[in-house]
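Input: a single structure, listed below in structure tokens.
Counting convention: from 1, in listed order, for ligands and their atoms alike. In this text the structure is predicted, and so the values were computed from the model without any measurement.
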Amino acid sequence: MSLVDSALVRLLPAVPKPVVRRISSRYIAGEELDDALRVVRLLNDRGKLATIDVLGEEIAEPEEARAIAGAYEEAFGAIQRGKLDSNVSIKPTALGLKLGYELFRQNLTEVVEDAASRGNFVRIDMEDSSTTDDTLRLYRELRAAGHDNVGVVLQARLKRTLADIRELAELTPNVRLCKGIYLERPEIAYRDFDSIRASFVQALEALLDAGSYVGIATHDEWLVEQGQRLVSERGLGRDDYEFQMLLGVRPSLGDELVSGGHRLRIYTPFGRHWYAYSLRRLQENPKIAGYIAADTVNRLIPGRNGSA
Ligand SMILES: Cc1cc2nc3c(=O)[nH]c(=O)nc-3n(C[C@H](O)[C@H](O)[C@H](O)COP(=O)(O)OP(=O)(O)OC[C@H]3O[C@@H](n4cnc5c(N)ncnc54)[C@H](O)[C@@H]3O)c2cc1C
């Protein structure tokens with residue numbers, strides 16, 4: 001990232017919301033379920049699977065968490081009616097974790113049961129390290145209660161991840177492995193690029209050796225290559241693992257995976273609570289300065305690029 005880009009990343013929270021919204025629109029399907037369904041259909045038509053995320057991590061009241069659980073149930077109904085190939089991803093705080101474990105447990109259990117009744121699957125996203133224990137605890141409780149249509153996320157950035165894999169191994173967990181977006185303290189997390197990459201490869205090897213179905217979630221070309229190498233060395237078939245990417249990020253790399261015969265799932269967020277998610281995506285965009293500059297030019301010279 002250039003110096004200008006890294007300076008802008010620090011200033012992003014000061015950028016006016018309408019600007020953030022315009023330049024982050026590529027990362028979000030829209031505000032309504034219908035927007036997400038339209039995007040999922042397009043992805044499916046191009047041979048890609050999807051996972052729908054109802055944006056909602058800024059919720060403050062139990063009723064809002066309840067409403068988000070309801071929105072997921074609505075999504076499952078629409079996926080089934082539309083014969084779409086999509087599961088869902090859920091942030092624990094969107095279902096109320098910050099308001100209480102019990103609320104989170106009730107909401108997530110209900111959504112997982114609804115998914116099971118329709119033959120669908122729930123991925124529990126992983127948020128910052130203050131939520132890791134509770135998230136893994138509820139995952140274990142759900143599995144102990146016989147719910148197998150649920151998976152978790154582990155973050156290569158966290159030093160505890162290999163130990164978590166060892167502890168979860170008896171469950172042969174379905175795991176999305178990612179680098180981890182949340183900046184954590186150096187005591188508990190790797191901070192430099194190469195250590196995070198090395199930890200990702202180690203964790204992926206450990207998961208595959210434990211027989212887990214892994215969602216290899218990265219846009220890092222080197223890690224994508226390592227992923228392909230590791231699954232091929234183990235003789236895994238197309239249905240034994242998948243790659244995962246975020247909507248709007250490196251679609252051409254995703255196209256290459258699909259034409260190479262791999263399963264690829266695209267994380268497709270929608271909803272009105274778009275701000276926190278958008279900030280995180282923009283902070284990871286190595287060309288953020290270019291996007292802000294282009295947005296400014298587009299506003300100063302209306303009609304450029306054919307827009308009114
Ligand atoms: C499907 C999916 C689900 C995820 N779920 C979680 C989760 O539950 N918890 C969690 O903590 N994190 C999650 N993440 C985020 C993840 O942890 C990383 O922060 C993110 O994927 C960037 O890391 P990377 O592996 O792509 O490598 P990077 O080195 O960050 O990126 C590799 C290259 O991809 C491109 N790129 C990456 N991000 C962007 C962007 N926003 N805009 C434009 N180009 C970009 C750049 O060219 C960059 O050089 C998820 C990621 C994916 C793909």
Side-chain angles (χ1 to χ4, degrees), residues 1-2 5-6 8-9 12 20 23-28 43 48-53 55 57 86-94 97 122-132 135-136 139 151-158 160-161 164 174-184 188-201 203-204 214-227 241-254 256-257 263-269 276-292 294:
M1 213 178 241
S2 74
D5 287 308
S6 355
L8 264 169
V9 160
L12 261 179
V20 172
I23 59 180
S24 62
S25 58
R26 61 191 285 217
Y27 301 123
I28 292 173
L43 292 168
K48 298 172 182 171
L49 318 170
T51 184
I52 292 180
D53 167 33
L55 293 167
E57 57 201 287
S86 180
N87 59 37
V88 305
S89 289
I90 302 188
K91 291 207 166 23
T93 58
L97 175 58
V122 173
R123 170 82 53 199
I124 318 171
D125 282 345
M126 189 59 82
E127 299 181 84
D128 68 69
S129 61
S130 69
T131 67
T132 312
T135 303
L136 294 181
Y139 172 70
V152 271
V153 177
L154 294 174
Q155 298 157 320
R157 180 186 295 275
L158 291 189
R160 60 179 281 172
T161 286
D164 285 333
N174 182 320
V175 175
R176 172 195 298 149
L177 179 65
C178 63
K179 284 186 179 175
I181 175 71
Y182 304 91
L183 274 186
E184 305 284 356
I188 61 163
Y190 303 108
R191 306 268 286 229
D192 68 288
F193 193 73
D194 289 339
S195 309
I196 296 171
R197 267 185 170 174
S199 165
F200 193 112
V201 172
L204 181 53
V214 187
I216 308 168
T218 182
H219 321 92
D220 179 336
E221 235 158 299
W222 185 82
L223 281 179
V224 168
E225 276 167 28
Q226 298 305 308
Y241 66 93
E242 66 189 40
F243 284 92
Q244 298 188 351
M245 293 188 179
L246 301 170
L247 186 69
V249 180
R250 306 208 66 184
S252 52
L253 182 59
E256 282 171 34
L257 281 170
R263 277 156 71 92
L264 174 70
R265 190 176 300 279
I266 304 294
Y267 192 97
T268 307
Y277 182 85
S278 299
L279 274 195
R280 284 202 302 278
R281 294 290 79 82
L282 290 173
Q283 281 163 347
E284 286 187 316
N285 188 324
K287 296 190 182 124
I288 181 64
Y291 281 103
I292 293 185

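- Side chain of T131 to backbone of S129: no donor-acceptor contact under 3.5 angstrom is found.
- M126 O, 3.6 Å is the protein heavy atom nearest to atom 7 (C) of ligand 1.
- Atom 41 (N) of ligand 1 has its closest protein heavy atom at R281 O, 2.8 Å.
- Applying the 4.0 Å criterion to heavy atoms of Y182 picks out, from ligand 1, the atoms 11 (O).
- In this structure a side-chain-to-backbone donor-acceptor pair under 3.5 Å is missing from R123 to I90.
- Put simply, the side chain of H219 never gets that close to the backbone of G254: no donor and acceptor are under 3.5 Å apart.
- The contact set between ligand 1 and D125, taken as ligand atoms under 4.0 Å from a residue heavy atom, comprises 8 (O).
- The nearest non-hydrogen atom to atom 34 (O) of ligand 1, considering only K91, Q155, R280, R250, comes from R250.
- Shortest contact from atom 18 (C) of ligand 1 to any protein heavy atom: E284 OE2, 3.4 Å.
- Distances below 4.0 Å separate heavy atoms of K179 from the following atoms of ligand 1: 17 (O), 23 (O), 24 (P), 25 (O), 27 (O), 28 (P), 29 (O).
- Between Y277 and D53, the side chains place no donor N or O within less than 3.5 Å of an acceptor N or O (distance only, hydrogens not considered).
- A salt bridge links R250 to E221: one of the charged nitrogens lies within less than 4.0 Å of a carboxylate oxygen.
- Of all atoms in ligand 1, numbered sequentially from 1 with element shown, those under 4.0 Å from a heavy atom of M245 are 1 (C), 53 (C).
- Close approach of ligand 1 to D220 (heavy-atom distance below 4.0 Å) involves ligand atoms 26 (O), 27 (O), 32 (C).
- Although no hydrogens or angles enter the test, the distance criterion places no donor-acceptor pair under 3.5 Å between the side chain of Q244 and the main chain of T218.
- Considering all non-hydrogen atoms of both residues, D125 and T135 come closest at O-CG2, 4.0 Å.
- The heavy-atom pair separating L223 from R197 by the smallest distance is CD2-O, 3.9 Å.
- No side-chain donor from either of R176 and T51 sits under 3.5 Å from a side-chain acceptor of the other.
- Interatomic distance, CG of N174 versus CG of N87, reported as 8.5 Å (0.5 Å rounding).
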Set out, in order, the CA-CA distance, both residues' side-chain angles and the distance that settles side-chain contact (heavy atoms from CB on, under 4.5 Å) for I216 and L177, then state yes or no.
CA-CA 5 Å; I216 308 168; L177 179 65; over 6 Å; no
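- Put simply, atom 23 (O) of ligand 1 has protein non-hydrogen atoms near it, under 4.0 Å away.
- The residue among I216, T51, V224, V249 with a heavy atom at the shortest distance from atom 45 (C) of ligand 1 is V249.
- No side-chain donor-acceptor contact under 3.5 Å links D164 and T161.
- Atoms of ligand 1 found under 4.0 Å from any heavy atom of F193, numbered from 1 in the order shown, are 29 (O).
- Polar contact check, V153 against ligand 1: no nitrogen or oxygen pair lies under 3.5 Å apart.
- Protein heavy atom at the shortest distance from atom 33 (C) of ligand 1 is H219 O, 3.7 Å.
- The protein non-hydrogen atom at the shortest distance from atom 44 (N) of ligand 1 is P286 CD, 3.7 Å.
- Ranking the protein heavy atoms by distance from atom 6 (C) of ligand 1 puts C178 SG, 3.8 Å first.
- Less than 4.0 angstrom separates some heavy atom of Y27 from each of these atoms of ligand 1: 40 (C), 41 (N), 42 (N), 43 (C).
- When the heavy-atom distances from atom 5 (N) of ligand 1 to R176, R265, Q283, R157 are ranked, the shortest goes to R176.
- Among protein heavy atoms, atom 2 (C) of ligand 1 sits closest to L246 CD2, 3.5 Å.
- Among protein heavy atoms, the minimum distance from atom 25 (O) of ligand 1 is reached at T218 OG1, 2.6 Å.
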